[in-house]
Amino acid sequence: MDFKSKIRVVEDFPVKGISFKDITTLLQDGEAYAAAIKEMAAMVETLEFDVVVGPEARGFLTGAPLSILTKTGFVPIRKPGKLPYDTIQHAYELEYGTDTLEIHADAIQEGMKVLVVDDLLATGGTSKAVCELIEKLGGEVAGLAFLIELDFLGGRALLDGYNVKSLVHYND
Ligand SMILES: O=P(O)(O)OC[C@H]1O[C@H](OP(=O)(O)OP(=O)(O)O)[C@H](O)[C@@H]1O
Ligand SMILES: Nc1ncnc2[nH]cnc12
C-alpha cells in the first residue's frame with residue numbers, strides 16, 4: 001500500500017519551519033491502519049522480543065496494536081505525573097522543544113527483550129530516552145520500529161548500534 005498517500009503533511013505546525021507528518025488521516029482509514037500495523041509486524045518478524053514499549057501519545061497508536069498482533073505485552077511510557085506507581089524519568093530534546101518521559105520502575109525485568117515502537121523517528125531524542133529508560137531497568141533493546149522516519153534529521157545516527165526499522169521515509 002502507498003502509505004504516504006494516506007499521511008497528511010501540514011506545513012509550519014506546530015511552529016514555523018516544521019513539516020508535520022499527520023498520521024490521523026491514515027488512522028481513520030481502517031484498511032490503511034490495519035495494513036500499516038501488519039507491515040510493521042512483518043518488518044520486525046526476525047527480531048526476538050518479549051514486550052513492546054511505546055511512548056505517549058502516538059507510540060500508543062502504533063505500539064499497542066503491534067503488541068496485540070505479535071501477542072506480546074505492551075508497556076506505556078508517559079509524560080511526567082501520569083503513571084500511578086514508582087517511576088524512573090529521563091529528560092530529552094525534541095525537534096521543537098524539550099520533554100521528560102517516565103516508565104513504571106517494575107515494568108521491565110532484568111534481561112527482558114524489548115521492541116520500541118513509535119509513529120515517527122525525527123531527531124531520535126524520544127527514542128534514545130526510551131532506550132535509556134529500558135536499559136536503566138536492565139532490559140535489552142531488541143530493536144526499534146517506526147511507521148515514519150524523517151531521514152533528513154539523522155535520528156538513526158543518534159540510535160547508532162540499535163536495530164532501527166521504518167516503513168515510510170521522508171527527505172523533507
Ligand atoms: O525523534 P524525535 O525528535 O524525538 O521526535 C519524534 C517524537 O515526536 C512525536 O511525539 P511528541 O513528543 O510530539 O508527542 P505526542 O506523541 O504526544 O504527539 C512523535 O510521536 C515521536 O514520539
Ligand atoms: N515533523 C514531524 N511530524 C510529525 N511528528 C513529529 N514529531 C517530531 N517531528 C515531527
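Both ligands and their constituent atoms are indexed starting at 1 by order of listing.
At a heavy-atom cutoff of 4.0 Å, ligand 1 is contacted by both the backbone and the side chain of T123. Residue contacts with ligand 1 for D118 involve side-chain atoms from C-beta outward but no N, CA, C or O (heavy atoms, distance under 4.0 Å).
With salt bridges taken as basic N to acidic carboxylate O contacts below 4.0 Å, none links R78 and E102. Of the charged side-chain nitrogens involved, at least one lies within less than 4.0 Å of a carboxylate oxygen, so that K128 and E132 count as a salt-bridged pair.
For atom 7 (C) of ligand 1, the nearest non-hydrogen atom from the set L121, L150, T126 belongs to T126. Among G54, A122, G59, A57, the residue whose heavy atom sits closest to atom 17 (O) of ligand 1 is A57. Counting only non-hydrogen atoms, the option in P14, S19, A122 that gets closest to atom 1 (N) of ligand 2 is S19.
Residues V164 and L158 do not share a hydrophobic cluster, defined by chaining ILVMFWY side chains whose heavy atoms lie under 4.5 Å apart.
Heavy-atom proximity to L150, at under 4.0 Å, picks out these atoms of ligand 2: 1 (N), 2 (C). Here is the list of ligand 2 atoms found below 4.0 Å of a heavy atom in R58: 4 (C), 5 (N), 6 (C). Counting the atoms of ligand 1 from 1 in the order shown, those under 4.0 Å from a heavy atom of D119 are 19 (C), 20 (O), 21 (C). Distances below 4.0 Å separate heavy atoms of L120 from the following atoms of ligand 2: 3 (N), 4 (C), 5 (N), 6 (C), 7 (N), 8 (C), 9 (N), 10 (C). Set against the non-hydrogen atoms of E56, the atoms of ligand 1 under 4.0 Å away are 16 (O), 17 (O).
Looking at K21 and S19, their side chains do bring a donor and an acceptor atom within 3.5 Å of each other.
A distance-only check finds no donor-acceptor pair linking the side chain of Q89 to the backbone of L101 [under 3.5 Å]. Remark: side-chain polar atoms of S5 are paired, donor with acceptor, to backbone N or O of D2 under 3.5 angstrom. Here the side chain of D29 pairs a donor or acceptor atom with the backbone of A32 at under 3.5 angstrom.
Under a 4.0 Å heavy-atom criterion, L120 is in contact with ligand 1. Heavy atoms of K79 approach ligand 1 to within less than 4.0 angstrom. Ligand 1 lies nowhere less than 4.0 angstrom from a heavy atom belonging to S127.
For ligand 1, the polar-atom distance check against G124 finds a nitrogen or oxygen pair separated by under 3.5 Å. Checking only distances, P55 never comes within under 3.5 Å of ligand 1, N or O to N or O.
For Y170, there are no ring-ring contact (aromatic ring centres under 6.0 Å, His included) partners at least two apart in sequence or on another chain.
Side-chain contact check for L137 versus I134: every heavy-atom pair is 4.5 Å or farther apart.
Of the options D119, V114, L115, a side chain to side chain contact (heavy atoms under 4.5 Å, CB included) to V117 is made by L115 and by none of the others.
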